[in-house]
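Note: hydrogens, waters and symmetry copies are ignored here, and every other heavy atom, side chains too, is used. Everything numeric here is computed off the predicted structure, so don't read it as measured data. Lettering of chains follows the sequences in order, A, B, ..., and the numbering in each one begins at 1.
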Number of protein chains: 4
Amino acid sequence: MARKPAKQAVDSDSSDPKKSELTRIRILDATARVLSEKGYAGTRLTDVAKYAELQAPAIYYYFSSREDLIEEVMFAGISDMRQHLRAELDRLPDGTPPMERIVFAVETHLRHELELSDYATASIRNSGQIPEHLRSRQKKEAAAYDRIWRKLFSDARADGQLRDDIDDKLAQALVVGALNWAAEWWDPRRASLDTIVANAQTFVRHSLSPLPAPDEPTGRKSKRKTPAANS
Amino acid sequence: MARKPAKQAVDSDSSDPKKSELTRIRILDATARVLSEKGYAGTRLTDVAKYAELQAPAIYYYFSSREDLIEEVMFAGISDMRQHLRAELDRLPDGTPPMERIVFAVETHLRHELELSDYATASIRNSGQIPEHLRSRQKKEAAAYDRIWRKLFSDARADGQLRDDIDDKLAQALVVGALNWAAEWWDPRRASLDTIVANAQTFVRHSLSPLPAPDEPTGRKSKRKTPAANS
Amino acid sequence: MARKPAKQAVDSDSSDPKKSELTRIRILDATARVLSEKGYAGTRLTDVAKYAELQAPAIYYYFSSREDLIEEVMFAGISDMRQHLRAELDRLPDGTPPMERIVFAVETHLRHELELSDYATASIRNSGQIPEHLRSRQKKEAAAYDRIWRKLFSDARADGQLRDDIDDKLAQALVVGALNWAAEWWDPRRASLDTIVANAQTFVRHSLSPLPAPDEPTGRKSKRKTPAANS
Amino acid sequence: MARKPAKQAVDSDSSDPKKSELTRIRILDATARVLSEKGYAGTRLTDVAKYAELQAPAIYYYFSSREDLIEEVMFAGISDMRQHLRAELDRLPDGTPPMERIVFAVETHLRHELELSDYATASIRNSGQIPEHLRSRQKKEAAAYDRIWRKLFSDARADGQLRDDIDDKLAQALVVGALNWAAEWWDPRRASLDTIVANAQTFVRHSLSPLPAPDEPTGRKSKRKTPAANS
DNA sequence: AATGAATGAGTCTTCATTCAT
DNA sequence: GATGAATGAAGACTCATTCAT
């Protein structure tokens, strides 16, 4: 549920993170949650405070305004996502074929979005609703995130692993869209995350590949063979 | 009843489109627009009034409350979508193969969402944000809409036109998600709607088909052969 | 108590000033009063509303913000003062000797400040306390007001009616200061306004004149011969 | 007791100026400053703390509440003034003529107000704005201060040194008012304090005297002969 | 002696809603 | 049918004040 505490670990060299910093994170977490549930305009500081288990004015001890707070959450959402994907991709063996990299990115995006972080959902869902002046930092990160995917697709294209009758950018938009939307419908009780991942991977692989793909050889944690739901 | 603007209302069978009814529609249209731009909580009656070119209190002559108004727009969004898809599918020749029907549904959904109606976008984007007590009617419509797609998929499955290694429901969710998300990124200046449609159709067809599909034979208005963007 | 309704009369050609405009003026009057009693920072919209006999949010129907409202009152204070003094001086016969004009200005300033207007007091008392960005309009008016007095003094100087051993500008500052401060101590029960005026005139005349002045010949309404208090 | 800053506290008879006492004074000084700049309601403990170079809660170690602190500053302002004037007057040679004593008081008041103390300005400017329950001590001091001046005037009157056509009390109010107001306009860059003093003395002397006064013989530090500004 | 963290009371401001016209 | 005027409820934000350390 809580966002990856990457920052905190980086910020404080000591092994004892201060109570203050924890409170700050509690506020951010609470905001991410409310934001993803209620949307930008619906995010009340009182609700945030409730989840963070403090009084609303206390928020101002940590953030100078509601907008600041929200901006930070929105930024963290996309920024964490980018860093996470970047890091995961970098861990793949050098020779990994482009399509495998795409399929791996699908898994990474999905797991991050659904498992790790309200921040991602908050960021994804509200990117169209926050006022312009809160967007600058996110725009840059979003562009960078887009570039990662673009590279995956152009590599695949160069390698002849993308269908001719499909446009790279549009295909990318459709793929990422399908993944983003998963946050709207995924219900852990309906299908396990592993199942979702496996299905999404198959789905994407075939939507893009020029020929019927051989049996998929990759898939980090998804060892399931039968991707049927209700697992 | 008229969902999309004045034109439609004027075209309607009612021989006397009263000014009153037109105003009512102007308000609904304005609400759909604001709702899709600002989200549920961000939708202010003053903004609605601005677009509808009247004063906020005038809205109360037509709707008993903000919630009522919004509920009606949200309902209309999903309801129109369902009726539209239903009607279009019914126009297909009887023998149309299941996969062709799916691909046709893709086009219909996409065109309706992107071309025809702020209502659809409003409905799609805010389905997760409106309070429970406004949801009942929509839920039913959404379920009905879902059933249409489900039937398309189960028919395709029965006909052996869906890959074995993919779950029907999840595939459906991924497909519809990819389409829904298009409203977030589509920019008419970047790619024509026809292009989007063609790409999405190819994308979906192959993501689902067990074998490389033959050259797609259908596509109402999309006569384009090369689905590359920037058309 | 109420400010001279100059504006209102000017704004509306009809003899029936709208209720709305009256409310607006009630708010301004209330603000002037609170402002002069409590100071800039102490001016609560709730207090203003109380005196204006409405609810605080109603103020926003007429003014876009507390600052706007206050700015308008402060501006009106100095602006009315200037216009009033200007108009009164212009009514003096052409040949009026410079010192008589000064003494007449003393009366005008005093009567306006003490009798007519909370606006003047509000403006005088708070000129040093309002934030910079509310000051621009007032500064100009204040400068213009200052210029009127400056002219009075320089004319008197040119005419040899000012003592040699006193600086024009400093004398002016002392005179106007003595008058401004009257708002702090004047209690109608202690001394009539006429008495104050007569004393202030005598005081100023002799503080400035090079020689013992002859029996003062002027004084609009102050026919009193013995300027003793408790009149 | 020490009113004006550290220096004075250091000079004081207490042989052990504890750090604690110095901090207390820093807080008082800071308060006087903020109070005279922002007014009663505008005086925030955070601002006070800033000038005193500590954190706001630290103030509570020295004062039990904001009101207490402000009350003390306001009281000190008028009290110091009174003591100062009293002490200075007592140093005048016994035979000093009443008018000389008045003129000397003018200088003392002015120098104290403009040169020595934010306390005086704070006290002067805010006497009308602080809530009733903070006033009692000041009222007494103010009355005592008033009595000093009253005595100066009644002595002058008894001695035939005041014009007949002017009321003692009103004259006194005008004189002190002119002096008090100086804090509002005096800019050290525009005119030296000595110049102000000299001009104010001349101004007052002639405003009150029944006959053209002889060359003024007194003036502690003001050796200037030509009271023109910009010295 | 002083601060970091937090709170409660209150203030400005927004907004849906009402009502007389 | 529609608006001008006004209100009540709620939300962001400020600030004096407290308390543990």
Side-chain angles (χ1 to χ4, degrees), chain A residues 18-24 41-49 52-70, chain B residues 18-24 41-49 52-70, chain C residues 18-24 41-49 52-69, chain D residues 18-24 27 41-49 52-70:
Chain A
K18 293 201 208 94
K19 188 185 160 212
S20 170
E21 180 61 13
L22 289 177
T23 306
R24 190 183 145 86
T43 297
R44 306 271 133 75
L45 290 191
T46 11
D47 292 340
V48 170
E53 288 172 53
L54 37 68
Q55 303 300 314
I59 294 171
Y60 287 85
Y61 187 79
Y62 297 91
F63 301 89
S64 63
S65 73
R66 173 184 178 273
E67 292 201 337
D68 249 47
L69 169 59
I70 290 180
Chain B
K18 293 199 207 106
K19 191 184 159 214
S20 170
E21 179 61 11
L22 288 178
T23 307
R24 188 184 148 85
T43 295
R44 294 181 313 226
L45 291 192
T46 359
D47 290 342
V48 169
E53 287 171 38
L54 37 68
Q55 302 299 315
I59 295 172
Y60 286 84
Y61 186 83
Y62 299 92
F63 301 90
S64 66
S65 73
R66 173 183 180 270
E67 292 201 337
D68 252 45
L69 169 59
I70 290 181
Chain C
K18 293 203 209 93
K19 188 186 161 212
S20 170
E21 182 60 12
L22 289 178
T23 306
R24 190 185 145 85
T43 297
R44 306 272 134 76
L45 291 190
T46 12
D47 292 340
V48 170
E53 287 172 51
L54 37 68
Q55 302 301 312
I59 295 172
Y60 286 83
Y61 187 80
Y62 298 91
F63 301 90
S64 64
S65 72
R66 173 183 179 272
E67 292 201 338
D68 249 47
L69 169 59
Chain D
K18 293 200 206 104
K19 188 186 161 214
S20 170
E21 181 59 14
L22 289 178
T23 307
R24 189 183 147 84
I27 295 173
T43 296
R44 293 182 314 225
L45 293 191
T46 0
D47 290 342
V48 170
E53 288 172 41
L54 37 70
Q55 301 300 315
I59 295 172
Y60 286 83
Y61 187 83
Y62 300 92
F63 301 89
S64 65
S65 73
R66 171 182 181 271
E67 293 201 337
D68 252 46
L69 168 59
I70 290 180

For a quick test of your reading: what N or O donor-acceptor pairs under 3.5 Å do the side chains of residues 59-68 of chain D make, sequence neighbours left out?
residue: S64(D); atom: OG; partner: D68(D); partner atom: OD2; Å: 3.2
residue: S65(D); atom: OG; partner: E67(D); partner atom: N; Å: 3.4
residue: S65(D); atom: OG; partner: D68(D); partner atom: N; Å: 3.1
residue: R66(D); atom: NE; partner: T43(D); partner atom: O; Å: 3.1
residue: R66(D); atom: NH2; partner: Y40(D); partner atom: O; Å: 2.7
residue: R66(D); atom: NH2; partner: T43(D); partner atom: O; Å: 3.1
residue: E67(D); atom: OE1; partner: H133(D); partner atom: NE2; Å: 2.7
residue: E67(D); atom: OE2; partner: H133(D); partner atom: NE2; Å: 3.3

Identify all pairs in which a protein N or O lies below 3.5 Å from an N or O of nucleotides 7-11 of chain E, and state each distance.
residue: dT7(E); atom: OP2; partner: Q55(A); partner atom: N; Å: 3.0

Which dot-bracket string describes DNA chain F (Watson-Crick N1-N3 plus N6-O4 or O6-N4, or G-U N1-O2 and O6-N3, all under 3.5 Å; [ ] crossing; | other strand)? .||||||||||||||||||||
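In this structure, L45(A) and L69(A) approach most closely via the heavy-atom pair CD2-CD2, 4.2 Å. Here the closest non-hydrogen pair linking A56(D) and A49(D) is N-CB, 3.5 Å.
Residue S64(C) is the one, among S64(C) and S65(B), whose nearest nucleotide of DNA chain E lies closer to the 5' end (criterion: closest heavy atom).
Contacts between chain A and DNA chain F, taken as any atom within less than 4.0 angstrom of a protein heavy atom, begin and end at dG11(F) to dT14(F).
Counting non-hydrogen atoms under 4.0 angstrom, F63(A) reaches nothing in the nucleic acid.
By the salt bridge (charged side-chain N to carboxylate O under 4.0 Å, His left out) test, R44(A) pairs with no residue at all, sequence neighbours left out.
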